[in-house]
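Next up is a structure, given as structure tokens.
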Amino acid sequence: MITITFPDNSIKQFEDIPTGMDVAKSISEGFARNCVAMKINDQFQDLSRPIQSDAAIEFLTVNDDNALEVLRHSAAHVMAEAVLNLYPEAKLTIGPVVEDGFYYDIDMPPISEDDLSKIEAEIQKIIKAKNTFERKVVSKDEALEIFRDNPFKCELINELSDQDISLYRNGAFIDLCRGPHIPHTGMIKGIKLMKISGAYWRADPSREQLQRLYGTAFFDKKKLNQYLHLIEEAKKRDHRKLGTRLDLYSFHDEAPGMAFFHAKGMDMWNALLDYWRQTHRAAGYVETKTPVILNRKLWEKSGHWDNYRENMYTCIIDDEEYAIKPMNCPGGMILFKTRSYSYRDLPLRAGEVGLVHRHELSGALSGLFRVRSFHQDDAHIFMTPDQIESEVLGVLRLSEQIYQKFGLTFHLELSTRPEKSIGTDAQWEQATAGLEKALKTYGQDYIINEGDGAFYGPKIDIHIKDALGRTWQCGTVQLDMALPERFDLTYKGQDNDKHRPIMIHRVIYGSMERFFGILVEHFAGKFPLWLAPVQAVVLPITQDLADHADSVKKDLEAAGIRCEVDHRNETLKKKIREAQINYVPLILTIGEKEKETGTLSVRTLDGKVKMGLSMADFTTPVQRHIKERILDDIVL
RNA sequence: GCCCAUGUAGCUCAGUCGGUAGAGCGCUUCCUUGGUAAGGAAGAGGUUCACCAGUUCGAUUCUGGUCAUGGGCUCCA
């Protein structure tokens, strides 16, 4: 008699030893069809496994995130089988599940993207066959015998302990695998091979070069199509392409990894920065600025020379060695030490939009997302230990306020003390407790990354989510117990003694450049009015209205609206179309009627046209919309 | 940094099995003076095909190197 306990604590008893599938079917046939795997006493297993003794069971159904991993792992097997059918000489290595799908590294001659469809066709055959996955446990010797032709698998097997070597067979295909797997290949309803790339065995360049085949899989075709659509959508929004088309920024061989911002890009940049300054001043920040090139001695003192040297640009000036700053904090330390502080002066919130340079690997560069030169919307907060909670809370609330303006939601992650760290247990406890208290007061759920903090203190990372559902770590709040020590920062306490301040490093945009790129993709180039590089375009219908168009432009600029005139000798239709595809929020057409009556006709991006507006009728709501930085489209 | 691919007009790209280059968009001019998502015509534009060598009578095309861009290189059966 086997007793099975379900998650709701209900109990079912079985005369004979049941498999997971038997238990699922005892609930209902329909439920069993949607089951992918099970968790027995907190361990993932195949449904085909017999349950030998009393156990707590939890089923993974097709709607479960973990189930998707199981499916993709099985899909990797199916892909591997297909490759072996087509390329019998190929040697399989490893095939794990990754964030958006799976891959398999295979030792085989290079193939091209064109070959993928051939492999996909083979995969479909295997799926149609609805082959079951069968698990078999073997000894190490048996395993080595089975895979004797495959040195990679043998290498893996030799690293395993004798006990847990399991094989999975589906059809004629056998692979070394921990499992679990889906019941049969027919459950893979949507599968697509994405790309091929090179990879090294064990990520070691001195070892064999393998072909890595990427794919993704879903339980239904619709989900797959949604995913493919998302990728298409992301491609269309690629900030590198949009930046060129909208004339915002560019990259050049003369400065790899460093963006050139064009006039329109700078208009947006300044709009972002104006907003930043306004919110920060209101939140009690002052703004500071420190030099870009600083003497080596400073970097030795801060610890960067020892820990960050390979990413720093250096130069020699008057026989002295200097480094271009990769971070703003050491300069901020010098700034702090220019005067003395009383406890009454704290917290001191010193912002700095600092230009930093980091020598990233050339292969890692990517548009505005990964650059070598960027601006951090940095701030250093110096405070007493009992101010940790309120200051961190303040940063979280300020972040929320700022992200909200862009329609970005976010989640929080707390990283705690790593193995290698400085400071005393008491300091870490106080710091971490301060962060946790702030998070609790803030009230939003957060993820804990145990041991993921910096060596000098715990931190909270803020991950924003864009319009396509992609997440980006932008904001971070890091407690630092090291730098105040290294630089011997002090303030005078109520007790007339010297005390060590605690310091926060924090950014909200993170890298201005990267955040800019994220916004371009988030909005797909269709920016809210307050951010739009060109807020209004004036279109004279005929060329003799050019002068009047210019005077309208002047008036609009005087009202603080970024404006252009399209003077080309083209039809109105054409000018409108181009303004529309460049997402200019306000399109003003100027004809005889407007000139005579001194009115404006305004077309918004929704295609609606409002005629006969006076200049004030137009500028008043537009100015308000810009000033309040309203996310939604303006309605006139 | 490493692997693979790519680098041709401002943009997107075609082409030359080695004989000094083309399209569309954009730009200029002209015709049209047009009222809400692409009117028509002509023309200019490449220090000659990222850069540097080599092979060759001759290289943008072949070879080697350099630089840049893109994808991947962390997610361990």
Side-chain angles (χ1 to χ4, degrees), chain A residues 69 73 76-77 80 92-105 110-113 143 147 150 152-160 164-168 174-179 181 194-214 235 238 240-241 243-247 250-258 262 310 359-367 370 539-546 568-582 584 587-594 601-605 607-611:
Chain A
E69 280 183 31
H73 199 159
H77 278 229
L92 303 177
T93 69
I94 58 166
V97 172
V98 289
E99 196 171 331
D100 288 318
F102 59 87
Y103 68 77
Y104 217 120
D105 283 348
I111 57 172
S112 74
E113 304 260 338
F147 291 102
N150 186 326
F152 305 100
K153 294 286 183 191
C154 288
E155 190 176 323
L156 294 169
I157 292 164
N158 279 321
E159 289 168 16
L160 295 172
D164 49 5
I165 297 182
S166 56
L167 307 178
Y168 276 82
I174 299 179
D175 200 0
L176 183 69
C177 186
R178 178 175 45 200
H181 280 283
M194 304 302 291
K195 58 194 165 195
I196 310 165
S197 77
Y200 297 107
W201 173 234
R202 308 240 131 162
D204 181 349
S206 69
R207 307 213 45 187
E208 293 85 343
Q209 169 89 44
L210 309 170
Q211 296 291 307
R212 175 169 295 182
L213 278 73
Y214 282 91
K235 247 188 221 163
D238 189 321
R240 292 166 298 199
K241 293 224 159 87
T244 305
R245 183 161 82 73
L246 299 176
D247 195 17
S250 52
F251 289 88
H252 303 274
D253 291 3
E254 289 81 354
M258 309 189 190
H262 302 192
E310 63 279 15
H359 186 259
E360 302 289 348
L361 292 180
S362 59
L365 302 178
S366 174
R370 196 70 182 272
L539 310 181
I541 293 174
T542 66
Q543 290 196 293
D544 28 302
L545 291 160
R568 292 175 308 162
N569 182 15
E570 295 291 351
T571 57
L572 183 63
K573 276 182 188 232
K574 180 156 185 167
K575 292 183 189 180
I576 287 176
R577 179 181 146 79
E578 286 186 13
Q580 292 267 16
I581 60 179
N582 286 324
V584 180
I587 300 168
L588 284 73
T589 48
I590 297 288
E592 275 304 326
K593 216 189 290 174
E594 285 75 19
S601 295
V602 185
R603 182 185 165 119
T604 38
L605 283 179
K608 289 194 180 123
V609 182
K610 194 104 174 189
M611 315 252 261

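Here is the naming used below: chain letters follow the sequence lines, and residue numbers restart at 1 for every chain.
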Do you see a donor-acceptor pair shorter than 3.5 Å between the side chains of A:Glu594 and A:Ser601? yes

Answer yes or no: does a side-chain N or O of A:Arg245 lie under 4.0 Å from OP1 or OP2 of B:C11?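 No, because none of the side-chain N or O atoms of A:Arg245 sits under 4.0 Å from OP1 or OP2 of B:C11.
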
Side-chain contact, heavy-atom cut-off 4.5 Å: A:Glu155 with A:Thr93?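 Side-chain contact under 4.5 Å: no.
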
If B:U48 has a Watson-Crick or G-U wobble mate with both distances under 3.5 Å, name it; if not, just say none. none

Can you tell which of B:G34, B:U36, B:G35 lies closest to the side chain of A:Ile576?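 Of the candidates, B:U36 comes closest.
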
Please report the distance, rounded to the nearest Å, between OH in A:Tyr214 and P in B:C4. 16 Å

I want to verify a distance call: between B:A38, B:G1, B:C75, whose nearest atom is closest to the A:Arg577 side chain? B:A38

Using atom C1' of each nucleotide, how far apart are B:A23 and B:U8 to the nearest Å? 13 Å

Please confirm whether any donor atom in the side chain of A:Asn569 sits under 3.5 Å from an acceptor in the base of B:U33, or the reverse.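 Side chain to base: no pair present.
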
If you assign each of A:Arg178 and A:Glu570 to its closest nucleotide in RNA chain B, which residue comes earlier from the 5' end? A:Glu570

Length of the line joining A:Asp544:CG and B:U33:P, which is rounded to integer Å: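 One finds 11 Å between P of B:U33 and CG of A:Asp544, rounded.
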
Can you check the distance between B:A9 and B:U48, where both ends of the measurement are the P atom (answer in whole Å)? 13 Å

Please check this pair: side chain of A:Asn150 against backbone of A:Leu92, looking for a donor-acceptor N/O pair closer than 3.5 Å. yes

Watson-Crick or G-U counterpart of B:C57, or none if no pair lies under 3.5 Å: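 Here B:C57 is engaged in a pair, and the nucleotide opposite it is B:G19.
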
Under a 3.5 Å limit for both distances, which nucleotide forms a Watson-Crick or G-U wobble pair with B:A5, could you say? B:U69

Pick the C1' atom in B:A14 and in B:C30, then give their distance to the nearest Å.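 Going atom to atom, C1' in each nucleotide, I get 30 Å.
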
Any carboxylate oxygen within less than 4.0 angstrom of a Lys/Arg side-chain nitrogen, looking at A:Glu159 and A:Arg202?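 Salt bridge between A:Glu159 and A:Arg202, a charged N being under 4.0 Å from a carboxylate O: yes.
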
Under 4.0 Å from OP1 or OP2 of B:A37: is there any side-chain N or O of A:Arg603 that close?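 Affirmative; the distance criterion is met.
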
Quick one: A:Asp238 CG to B:G71 C1', roughly how many Å, whole number? 12 Å

If you take atom types as modelled and just measure distance, does the side chain of A:Glu594 reach the base of B:G35 with a donor-acceptor pair under 3.5 Å?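 Under the 3.5 Å cut-off, the side chain and the base do form a donor-acceptor pair.
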
Between A:His359 and A:Glu310, is any pair of side-chain heavy atoms under 4.5 Å apart?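 Answer no - side chains too far apart.
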
Specify the separation, in whole Å, of atom CG of A:Asp105 and atom P of B:C73. 10 Å

Between B:U61 and B:U20, how many Å separate the two P atoms, rounded to a whole number?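 Those two atoms are separated by 14 Å.
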
Inter-nucleotide C1' distance (B:C17, B:C31), Å rounded: 46 Å

C1' atom, B:A21 versus B:G46: distance in rounded Å? 9 Å

What nucleotide among B:U36, B:U33, B:G1 has an atom nearest to a side-chain atom of A:Ser601? B:U36

Looking at B:C76, which nucleotide sits across from it as a Watson-Crick or G-U wobble partner, both distances under 3.5 angstrom, or is there none?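 Checking every strand shown, B:C76 finds no partner, since no pair has both distances under 3.5 Å.
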
A:Tyr104 OH to B:C73 C1', straight-line distance once rounded to whole Å: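 The answer, rounded to whole Å, is 19 Å.
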
Give me the distance, rounded to whole Å, that separates B:U32 from B:G39 when you measure between the C1' atoms they each carry.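 That atom pair is separated by 8 Å.
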
Taking the same atom, P, in B:A42 and in B:U47, what whole-Å distance lies between them? 26 Å

Side chains of A:Val602 and A:Ile587: does their closest heavy-atom pair fall under 4.5 Å? no

Which is true for A:Pro256 with a 4.0 Å heavy-atom rule: it touches a base, it touches only sugar-phosphate, or it touches nothing? sugar-phosphate

Any base atoms under 4.0 Å from A:Ile94, or only sugar-phosphate, or nothing? Heavy atoms, all strands. sugar-phosphate

Would you indicate what A:Ile587 reaches in the nucleic acid, counting non-hydrogen atoms under 4.0 angstrom: base, sugar-phosphate, or nothing? nothing

Under 3.5 Å on both distances, the Watson-Crick or G-U partner of B:U28: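 Checking every strand shown, B:U28 finds its partner in B:A42, with both distances under 3.5 Å.
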
For B:G34, does OP1 or OP2 lie under 4.0 Å from any side-chain N or O of A:Thr542? no

Determine the contact category for A:Arg568: base if any of its heavy atoms lies under 4.0 Å from a base atom, sugar-phosphate if only primed atoms, P, OP1 or OP2 are that close, otherwise nothing.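 Sugar-phosphate, backbone atoms only, no base.
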
Is the shortest heavy-atom distance from the side chain of A:Ile94 to the side chain of A:Trp201 under 4.5 Å?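 Side-chain contact under 4.5 Å: yes.
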
Taking A:Glu578 first and then A:Arg568, would you say they form a salt bridge - that is, a charged N and a carboxylate O separated by under 4.0 Å? yes

Within the pair A:Thr589 and B:G35, is there a side-chain N or O less than 4.0 Å away from OP1 or OP2? no

Length of the NE2-C1' vector between A:His252 and B:G10, whole Å: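 Interatomic distance, NE2 of A:His252 to C1' of B:G10: 11 Å.
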
Is any side-chain nitrogen or oxygen of A:Lys574 closer than 4.0 Å to OP1 or OP2 of B:G26? yes

Find the distance A:Leu588:CG to B:G35:P and express it as a whole number of Å. 18 Å

Do the side-chain N or O atoms of A:Lys573 get closer than 4.0 angstrom to the phosphate oxygens (OP1, OP2) of B:A38?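 It does, given that an N or O in the side chain of A:Lys573 lies less than 4.0 Å from OP1 or OP2 of B:A38.
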
Heavy atoms only, 4.0 Å cut-off, all strands: where does A:Ala579 land among base, sugar-phosphate and nothing? nothing

So what does A:Lys575 hit on the nucleic acid, given a heavy-atom distance under 4.0 Å: a base, only sugar-phosphate, or nothing? nothing

Can you identify which nucleotide, out of B:U33, B:G35, B:C75, has its nearest atom closest to the A:Leu572 side chain?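 Ranking B:U33, B:G35, B:C75 by closest atom to the A:Leu572 side chain puts B:G35 first.
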
Under 4.0 Å, counting only non-hydrogen atoms across every strand here, what does A:Phe251 touch: a base, just sugar-phosphate, or nothing? nothing

Just to confirm, is there a sub-4.0 Å distance from OP1 or OP2 of B:G70 to any side-chain nitrogen or oxygen of A:Arg240? yes

Just to be sure I understand the rule, does A:Glu159 reach a base, reach only the sugar-phosphate, or reach nothing, if contact means heavy atoms closer than 4.0 Å? nothing

Pairwise 5' ranking along RNA chain B for A:Cys177 and A:Thr244, keeping only the more 5' one: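 Of the two residues, A:Thr244 wins.
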
Closest to the side chain of A:Met611, out of B:G34, B:G35, B:C75, is B:G35

Measuring only between side-chain heavy atoms, which start at C-beta, is A:Gln580 closer than 4.5 Å to A:Arg603? yes

For A:Lys235 and B:U12, give me the distance from atom NZ to atom P, rounded to whole Å. 16 Å

